[in-house]
Amino acid sequence: MAGAVPAVLWLRRDLRLGDHPALLAAGRDGPVLPLFVWDPALQRAAGASRVAFLVRTLRALDEDLRRHGTRLCVRTGRPEQVVPAVARELGAGAVHVSKDFGPYGAGRDRRVAAALGMVPLVPTGSPYAVSPGQVRTGAGEPYRVYSAFARAWRARGWPPPAPSDPAAVRWVELAGEDLPAEPALPEGLRLPAAGERAALDAWRRFRDGALAAYAEDRDRPDLEGTSRLSAHLRWGTVHPRTLLADLELDIGADGRRPGARPGAGRGAPTGAGRGAPPGADRFRAELAWREFYAAVLAAWPASARSSFQPRFANLVWDDDPDHWRAWAEGRTGYPLVDAGMRQLLGEGWMHNRVRMVTASFLVKDLHQDWRRGARHFMAHLVDGDLASNQHGWQWTAGTGTDAAPYHRILNPVTQARRFDPDGTYVRRWVPELRDLPAPAVFEPWRAPAGPPAGYPEPIVDHAAERARALEAYGRVSPGAGNGSQP
């Protein structure tokens with residue numbers, strides 16, 4: 001249409017072209033400029049692995065756009081300055097975004113909307129199947145407990161994938177900048193393949209393979225039993241709605257998938273006709289955890305930096321630098337803890353079961369502040385997501401939304417025996433123990449000759465520190481019981 005007013009599509013955590021409601025909205029009336037603002041404020045909290053993965057993701061997005069005759073416009077600076085300047089330069093009628101519900105993102109968007117003046121900032125969709133704030137109790141309050149949230153989330157349902165088609169969009173270009181160079185990575189660190197195509201390939205491999213046994217294998221770090229999609233979900237190279245569409249293939253008599261809202265339509269799930277795959281319910285439940293934590297953070301933004309349960313604000317934490325260093329370097333003398341911390345350094349990722357074990361060890365065995373551990377994870381994780389990371393740490397610390405008492409304390413030896421029964425995972429990441437058979441590999445200090453050369457004795461006694469943790473928590477939350485050791 002001649003004379004149509006162009007629009008800016010400001011991309012943030014939606015670095016893809018398919019299943020993209022904001023792209024669909026931006027391209028409805030005129031040409032579209034794809035814009036990414038390299039915001040220095042966001043990079044300061046991210047480690048080299050996450051920044052490098054972001055650069056690779058943006059590079060892949062630019063390659064996809066070039067296949068459609070355009071390129072990604074990259075500008076550096078504060079978004080409240082850069083976005084209005086780009087809108088003026090383009091003569092844009094609107095700036096389209098996927099809505100951001102994080103504390104920083106929501107504040108940033110308010111500043112940008114104010115700076116845009118008469119040019120509207122138009123939010124369409126979000127990084128979630130159901131945007132934070134849409135699932136509430138009967139009294140209109142946000143949920144505080146996962147199980148109740150998950151039931152309501154599933155009952156509410158979600159729309160089908162958005163039919164965004166980059167080939168149907170009229171694109172427009174503005175001069176931009178080169179992407180920043182990737183930061184130097186630690187020697188040997190390997191990142192997952194980046195970009196929308198890589199995300200969809202990873203999903204198809206998981207869906208057609210490990211998903212069948214996901215309910216049984218997801219807690220086993222020695223197996224390739226998880227999707228490894230967390231980094232892609234974090235940057236939006238795949239949308240959870242796309243995954244849910246593939247999990248909801250059993251069409252009911254009313255013509256709707258079980259997860260679809262009335263009137264939402266069937267959508268176009270890939271692999272239609274296969275039937276709902278085994279493991280789908282468990283995987284859907286894990287996606288619901290991600291949505292729950294996002295909803296909690298949006299309702300209580302302060303929970304990113306302080307304990308969700310105020311009574312735990314008075315906990316007194318240790319700050320022993322030797323204990324911290326041993327934990328961060330994977331040299332605690334507890335093999336499963338050390339394997340997890342070394343995987344974090346070696347891959348920028350850690351198996352979720354082991355994330356819980358390592359977090360429990362820092363908070364309950366070493367008595368260090370959960371916020372310090374959360375910052376360490378965010379500095380190293382490729383998939384570092386504020387809502388999931390902070391509230392995952394609070395779940396383990398016992399200060400968060402979990403309905404169970406604070407006295408859940410994970411025994412690192414018991415956890416290793418249960419979830420790494422042959423010691424495969426431990427030996428992979430702690431080569432000093434590669435010659436120890438199970439079960440000695442879980443307690444190398446009990447071997448006849450003690451731990452192998454180069455591997456430390458345990459830095460603390462778990463039973464003693466468990467008792468100390470229960471006593472400390474009991475002082476600020478009396479009457480909670482004697483504790484459990486999963």
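Reckoned from all heavy atoms, side chains included, excluding hydrogens, waters and symmetry mates.
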Next item on the list: Go through the steps to decide whether Glu224 and Arg205 satisfy the test salt bridge (Lys or Arg N to Asp or Glu O under 4.0 Å), and finish with yes or no.
Entry: CA-CA 11 Å; Glu224 291 297 329; Arg205 286 194 301 272; over 6 Å; no

Determine whether more than 12 heavy atoms belonging to other residues, nucleotides or ligands lie under 6.0 Å from atom [atom1] of [X].
X	atom1	answer
Arg78	CZ	no
Arg110	CZ	no
Glu216	CD	yes
Arg197	CZ	no

Under 6.0 Å between ring centres, would you say that holds for [X] and [Y]?
X	Y	answer
Trp300	Phe308	yes
Trp327	His376	yes
Phe206	Tyr214	yes
Tyr473	Phe312	yes

Are the side chains of [Y] and [X] in contact, using a 4.5 Å heavy-atom criterion?
X	Y	result
Arg342	Pro431	yes
Trp153	Trp158	yes
Arg353	Arg418	no

Given 3.5 Å as the limit, does a donor-acceptor pair link the side chain of [X] with the main chain of [Y], or not?
X	Y	result
Asp420	Asp222	no
Glu196	Gly18	yes
Arg355	Met350	yes
Asp64	Leu17	no
Arg427	Asp422	yes

Next item on the list: Report the C-alpha distance between Arg325 and Asp322 in whole Å, list the side-chain angles of each, state the deciding distance to 0.1 Å, and finish with yes or no for salt bridge (Lys or Arg N to Asp or Glu O under 4.0 Å).
Entry: CA-CA 5 Å; Arg325 190 178 306 108; Asp322 293 330; 3.0 Å; yes

Notebook entry, point to check: Run the side-chain hydrogen bond (donor to acceptor under 3.5 Å, both in side chains) check on Ser303 and Gln394 step by step: do they pass?
Noted result: CA-CA 9 Å; Ser303 64; Gln394 293 216 51; 5.1 Å; no

Notebook entry, point to check: Can you check salt bridge (Lys or Arg N to Asp or Glu O under 4.0 Å) on Arg475 and Glu471, steps first, answer last?
Noted result: CA-CA 6 Å; Arg475 283 199 300 269; Glu471 193 274 333; 2.2 Å; yes

Once rounded to the nearest 0.5 Å, what's the spacing between atom [atom1] of [X] and atom [atom2] of [Y]?
X	Y	atom1	atom2	answer
His323	Ile459	NE2	CD1	4.5 Å
Thr358	Leu362	OG1	CG	8.5 Å
Asp14	Ser126	CG	OG	10.0 Å

If you look at every heavy atom in [X] and [Y], which pair is closest and at what distance?
X	Y	answer
Leu297	Ala304	CD1-CB, 3.7 Å
Ala162	His20	CB-N, 3.8 Å
Val82	Thr76	CG2-O, 3.7 Å
His462	Leu410	CE1-O, 3.6 Å
Thr396	Ser360	CG2-N, 3.2 Å
Arg371	Arg305	CD-O, 2.9 Å

Margin query: I need the full list of salt bridge (charged side-chain N to carboxylate O under 4.0 Å, His left out) pairs touching residues 440-449, with sequence neighbours left out, sorted by first then second residue.
Written below: Arg417-Glu443, Glu443-Arg446

Next item on the list: Go through the side-chain N and O atoms of Ser307 and Trp370 and say whether any donor and acceptor fall under 3.5 Å apart.
Entry: yes

Item checked: Residue pair Trp324 / Gln368, side-chain donor-acceptor N/O under 3.5 Å ->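 No, no side-chain donor-acceptor contact under 3.5 Å.
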
Notebook entry, point to check: Does the salt bridge (Lys or Arg N to Asp or Glu O under 4.0 Å) test come out yes or no for Arg12 and Asp109, once each step is laid out?
Noted result: CA-CA 11 Å; Arg12 294 96 65 87; Asp109 287 358; 2.8 Å; yes

Notebook entry, point to check: Taking the six-membered ring of Trp395 as reference, does the NZ or CZ atom of Arg408 fall below 6.0 Å from its centre and within a 45° cone about the axis?
Noted result: yes

Next item on the list: Any chance you could lay out the side-chain hydrogen bond (donor to acceptor under 3.5 Å, both in side chains) test for Asp338 and Tyr455, step after step, and finish with the verdict?
Entry: CA-CA 10 Å; Asp338 294 341; Tyr455 190 70; 2.5 Å; yes

Notebook entry, point to check: Taking the inter-plane angle between the rings of Trp289 and Phe292 on a 0 to 90° scale, is it parallel (under 30°), tilted (30 to 60°) or perpendicular (over 60°)?
Noted result: perpendicular

